[in-house]
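What follows is a single structure, written as structure tokens, with notes after it.
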Amino acid sequence: AGAGVGSPAAGSGGSAAGGTGANQTFALMPVGTTMIDAQTYAFPSDALPPTNHSPEFSWSGVPAAAKSLALTFRDDTAGAVKWVLWDMPPSTMHVPAGVGATAAMPSEVPGSSQLGSLGNQGYAGPCCMQNHYQFVLWGLDVDKLPDTSGLSTAQIYDMLLPKHMLAKTPTIAMQIAR
């Protein structure tokens, strides 16, 4: 494994219009993680069951036209969308570790909403050593994602996010470290 990546200070502040720079790539970065290989990060140990604290992320290069952001967590192996955190203001540049899993509108990310796929409101960690997981940050053309009530994480991911997408970051691949 490699050295730790990122720092919380790198993800604080900034704005959609001027804080990220016109030429900066829209990019998502896990904070405090290690590399398994050149393409994949290891989940932090507290992001795994039974603790299930969501990993920390920071980002840069938010498109100036973005009116909100959404972070998605998908199990590619199982084809399941495990968590969606949406309606983040475009000035948000960081999601802390441990976003509360019991509130539809988590206090750790003011203005946002979240839904998990396991009958909970929020993040539930990866299940299987062999599975491949991905995190993606989406820049959206709406302040508030419409018509989310009663939808599953898969419906939000498959139907609403693509409809309102301005841009999305390259995928951050994660696995459980062996």
Side-chain angles (χ1 to χ4, degrees), residues 1-44 47 53-77 79 81-99 106 108-115 123 126 131-145 153-154 156-177:
V5 177
S7 69
S12 59
S15 71
T20 59
N23 296 325
Q24 195 170 14
T25 302
F26 190 31
L28 179 65
M29 178 61 63
V31 176
T33 60
T34 56
M35 299 291 294
I36 292 174
D37 60 38
Q39 310 271 324
T40 309
Y41 292 91
F43 277 97
H53 288 155
S54 59
E56 182 176 3
F57 288 95
S58 64
W59 50 86
S60 61
V62 174
K67 295 181 179 176
S68 69
L69 302 170
L71 179 64
T72 57
F73 170 37
R74 189 175 191 300
D75 179 338
D76 279 348
T77 305
V81 180
K82 295 185 61 72
W83 182 48
V84 181
L85 177 66
W86 71 94
D87 291 348
M88 290 185 284
S91 59
T92 304
M93 301 302 289
H94 175 256
V95 168
V99 172
E108 298 88 350
V109 188
S112 69
S113 296
Q114 68 173 337
L115 184 64
Y123 175 88
N131 287 19
H132 298 269
Y133 300 90
Q134 71 171 8
F135 287 86
V136 174
L137 184 69
W138 306 62
L140 306 175
D141 66 0
V142 292
D143 294 330
K144 300 287 180 192
L145 204 54
T153 54
I156 293 169
Y157 184 92
D158 292 335
M159 297 180 341
L160 288 183
L161 293 178
K163 180 178 178 182
H164 294 287
M165 181 185 77
L166 292 171
K168 64 182 181 178
T169 62
T171 298
I172 295 297
M174 293 186 100
Q175 283 187 277
I176 297 172

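Basis for what follows: all heavy atoms, side chains included, without hydrogens, waters or symmetry-related copies. Counting begins at 1 with the first residue of the sequence. This structure is a prediction, so every number in the text was calculated from the model and none was measured.
Distance alone, capped at 3.5 Å, is enough to place a donor-acceptor pair between the Asp87 side chain and the Leu145 backbone. Side-chain atoms of Thr77 come within 3.5 Å of backbone atoms of His132 as a donor-acceptor pair (strictly under, hydrogens ignored). Side-chain N or O atoms of Ser68 include none that pairs as donor or acceptor with a backbone N or O of Lys144 at under 3.5 Å. A donor-acceptor pair is defined here as one N or O able to donate and one able to accept, closer than 3.5 Å; such a pair exists between the side chain of Thr153 and the backbone of Val81.
Listed here is the closest heavy atom pair of Ala97 and Glu56: N-CB, 3.6 Å. Here the closest non-hydrogen pair linking Val99 and Pro106 is CG1-CB, 3.5 Å. A pairwise comparison of heavy atoms in Ala167 and Pro63 identifies CB-CG, 3.8 Å as the closest pair. The heavy-atom pair separating Phe26 from Gly139 by the smallest distance is CE2-N, 3.7 Å. Here the shortest heavy-atom pairing between Pro90 and Val62 reads O-CG1, 3.9 Å. The shortest heavy-atom contact between Leu140 and Leu69 is CD1-C, 4.5 Å.
With a 4.5 Å cut-off on side-chain heavy atoms, Lys67 and Val142 do not count as touching. Side-chain contact between Phe135 and Pro30 is absent, with no heavy atoms from C-beta onward closer than 4.5 Å. Within the 4.5 Å cutoff, side-chain heavy atoms of Met88 are placed close to those of Val95.
Note: Lys82 NZ to Gln134 CD = 13.0 Å, rounded to the nearest 0.5 Å. To the nearest 0.5 Å, atoms CE (Met29) and CZ (Phe57) are separated by 10.0 Å. Residue Asp76 holds its CG atom at 9.5 Å from CG of Asn131, rounded to the nearest 0.5 Å. Here the CD1-OH distance, from Ile172 to Tyr41, works out to 5.0 Å after rounding to the nearest 0.5 Å. In this structure, the separation between OG1 on Thr171 and CD on Gln39 is 11.0 Å, given to the nearest 0.5 Å. A distance of 8.0 Å separates CE in Met93 from OG in Ser58, rounded to the nearest 0.5 Å.
Taking the six-membered ring where the residue is Trp, Tyr133 and Phe73 present tilted rings, their angle falling between 30° and 60°.
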*Report the C-alpha separation of Met174 and Thr33 in whole Å, then their side-chain angles, then the decisive distance to 0.1 Å, and conclude whether the side-chain contact (heavy atoms from CB on, under 4.5 Å) test is met.*
CA-CA 10 Å; Met174 293 186 100; Thr33 60; 3.9 Å; yes
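Taking the side chain to side chain donor-acceptor pair (under 3.5 Å) definition, one finds that Tyr123 meets it with nothing, sequence neighbours left out.
A side chain to side chain donor-acceptor pair (under 3.5 Å) with Thr72 is found for one member of Trp138, Tyr157, Trp86 and no other, namely Trp138. Applying side chain to side chain contact (heavy atoms under 4.5 Å, CB included) to Leu71 and the options Thr169, Val136, Leu28, Thr92 leaves one that passes, Leu28.
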